[in-house]
Protein chains: 2
Amino acid sequence: MTTPAASPAHTAWHDTDEAECRHASKLLEVVGQRWSPSILLALGRGVERFGEITAMTTGLSARMLTLRLKQLEAAQLVERIVIPTTPVTIRYRLTAQGQDLMDALHSVAGYVQRWKVDEPETGATALPPA
Amino acid sequence: MTTPAASPAHTAWHDTDEAECRHASKLLEVVGQRWSPSILLALGRGVERFGEITAMTTGLSARMLTLRLKQLEAAQLVERIVIPTTPVTIRYRLTAQGQDLMDALHSVAGYVQRWKVDEPETGATALPPA
DNA sequence: CTGGATCCCTATCGATACTG
DNA sequence: CAGTATCGATAGGGATCCAG
């Protein structure tokens, strides 16, 4: 019942090593930090400039952006590129690793579509898709 | 254009609706909360009792577990089942929705494997898999 | 065993002001 | 434009005690 049909190439959680579960947990906690998803999404969509991210993300302050960017850099998900123009231009991009993560993560987009996740209001949605 | 008509496996982020991106972000922020991944993992592996989760998760207090469990219930990911034994037995289980999310999320297990994410120590890993 | 209620400390976050 | 520094408010989270 759990698997509809044809288990693909990916590993089920049951078969996942304890250590890897821990790493996955930590990773989710980093990625799940406030603003992180928005920032990663922006980068994934090609936005590369500090100011653009700030502008397009309502409520995000420069301070937080700097902070998150550093963390995401530390997590090897984002790289900071300094271009010696005048004044200096700085671009942020997903690393290959970061891109891969976004790739893995877009299956949650499918989840969101399937379950039409919404705010806990009215009666919410609680019916299986099919 | 928003409806790409029966996207095969999954939708790329570029093709993902803004609203859905927002929902995905919110979802990740909930799932990424401290302890949430560990709890979901435990539930996904079949652990159902409050005490068991507490015991197997180092550092997790009863308070936090109660809290997260409530949030996850509110997010429709977990259901609380009360069995009128003596004393009352309580089981927590992933809902179909929650199971589906874990399903979607196990692609991050693949990511973790591919990149061997580890603590920033020694020289760390920073090389592409292939 | 499950989980509510407090106390309290700390990390986090937002706003503002300032620099290269 | 791309950050850093500081401050004050708050919420998150741990420890402990208590209750159904």
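We name chains A, B, ... by the order of the sequence lines, and we start the count at 1 in each one.
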Rounded to whole Å, how long is the line connecting atom CG of A/L69 with atom C1' of D/dA2?
11 Å

Between C/dT2, C/dG4, D/dG3, which one does the side chain of B/I90 approach most closely?
C/dT2

Under 4.0 Å between a side-chain N or O of A/K70 and OP1 or OP2 of D/dT4?
yes

Whole angstroms only, please: what is the CG-C1' distance between B/L65 and C/dG4?
13 Å

Answer whether the closest heavy-atom distance between the side chains of B/E29 and A/W35 falls below 4.5 Å.
no

Taking NZ, NE, NH1 and NH2 as the nitrogens, is one of them in A/R68 or A/E73 under 4.0 Å from a carboxylate oxygen of the other?
no

Flag the pair A/L65 / A/F50 as yes when at least one side-chain heavy-atom distance between them is below 4.5 Å, and no otherwise.
yes

Would you say the side-chain atoms of B/S36 pair up with the backbone N or O of B/G32, donor to acceptor, closer than 3.5 Å?
no

With distance as the sole test, does A/H14 use its side chain to make a donor-acceptor pair with the main-chain N or O of B/G44 at under 3.5 Å?
yes

Any chance you could list the contact pattern along nucleotides 10-20 of chain D? Use B for base contacts, S for sugar-phosphate-only contacts and - for none, protein heavy atoms under 4.0 Å, 5' to 3'.
---BBB-----

Under-4.0 Å side-chain N/O to phosphate OP1/OP2 contact, B/R91 with C/dT2:
no

For B/F50 and C/dT2, what is the distance between atoms CZ and C1' respectively, to the nearest whole Å?
6 Å

Is it the case that more than 12 heavy atoms not belonging to B/R45 sit under 6.0 Å from its CZ atom?
yes

Any A/Y92 side-chain nitrogen or oxygen under 4.0 Å from OP1 or OP2 of D/dC1
no

